[in-house]
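Quick caveat: nothing in here was measured; it's all calculated off a predicted structure.
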Amino acid sequence: QVQLVESGGGSVQAGGSLRLSCAAFGYSNSYTTVAWFRQAPGKEREGVASIYTPNGITYYADSVKGRFTIAQDNNKSTVYLQMNSLKPEDTAMYYCAAAFLYSGPRWQREADYRYWGQGTQVTVSS
């Protein structure tokens, strides 16, 4: 059974940091695009960052460039999202998702992602 399990969410003050983890179970992460999306109350879900696991190519939304870093562990079974300099507008439910293709610049297209995690809440207070 394929599962993506997120962890690491929580509440922090503005300027703080959190690291989210996305662990993959039931399939190999060897040839996938893994992305983090987020959805704030009353807003549409948006892509935050993605990584292509075979070669580590990454993409970021403009709103998080320079603050967030997506990375994977050596055996490609876990993808991380390091979030620094957090802002109140980063408050959202964060989801990881996996697509069995190289999404490239179209990495924010949700229809490409076959598997989704259950989400982890990030709350940033001012």
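- By the criterion of side-chain heavy atoms lying less than 4.5 angstrom apart, applied directly or through intervening Ile, Leu, Val, Met, Phe, Trp or Tyr residues, V2 is not grouped with F25; the two fall into different hydrophobic clusters.
- T33 OG1 to D112 CG: the interatomic distance, rounded to the nearest 0.5 Å, is 8.5 Å.
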Check your understanding: Can you list the steps and then say if R19 with Y80 is a side-chain hydrogen bond (donor to acceptor under 3.5 Å, both in side chains)?
Key -> CA-CA 7 Å; R19 188 176 81 157; Y80 303 98; 4.7 Å; no
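- Annotation: side chain of I51 is in contact with side chain of V79 (closest heavy-atom distance under 4.5 Å).
- Although no hydrogens or angles enter the test, the distance criterion places no donor-acceptor pair under 3.5 Å between the side chain of N84 and the main chain of S17.
- In this structure, the side chains of M83 and Y94 come closer than 4.5 Å at one or more pairs of heavy atoms.
- Remark: side-chain polar atoms of Q82 are not paired, donor with acceptor, to backbone N or O of F68 under 3.5 angstrom.
- Between Y60 atom OH and Q108 atom CD the span is 13.0 Å, to the nearest 0.5 Å.
- Although no hydrogens or angles enter the test, the distance criterion places no donor-acceptor pair under 3.5 Å between the side chain of E44 and the main chain of Q39.
- The side-chain heavy atoms of F37 and V48, taken from C-beta on, include no pair separated by under 4.5 Å.
- Separation of atoms OG (S85) and CZ (R67) is listed at 7.0 Å; rounding is to 0.5 Å.
- Not a single donor-acceptor pair under 3.5 Å links the side chain of S21 to the backbone N or O of S7.
- No single ILVMFWY cluster, assembled from side-chain heavy atoms under 4.5 Å apart, contains both I70 and L101.
- For the atom pair OG1 of T58 and CD of Q72, the computed distance is 10.5 Å after rounding to the nearest 0.5 Å.
- Residues L81 and T69 form no side-chain contact, since every pair of their non-hydrogen atoms from C-beta on lies 4.5 Å or further apart.
- Residues Y52 and W107 fail the side-chain proximity criterion, which asks for heavy atoms closer than 4.5 Å.
- Atom OG in S50 sits 12.5 Å away from atom CZ in R106 (nearest 0.5 Å).
- Between the side chain of T123 and the backbone N or O of S11 there is no donor-acceptor pair closer than 3.5 Å.
- Atom OG of S125 sits about 5.0 Å away from atom CD of Q13, to the nearest 0.5 Å.
- The closest side-chain heavy-atom distance from M93 to Y95 is below 4.5 Å.
- Between K87 and D90, none of the side-chain N atoms (NZ, or NE/NH1/NH2) sits under 4.0 Å from a carboxylate O, so this pair counts as no salt bridge.
- Side-chain contact check for E46 versus R38: some heavy-atom pair is nearer than 4.5 Å.
- Under the 4.5 Å side-chain criterion, counting only non-hydrogen atoms from C-beta, L18 is in contact with V122.
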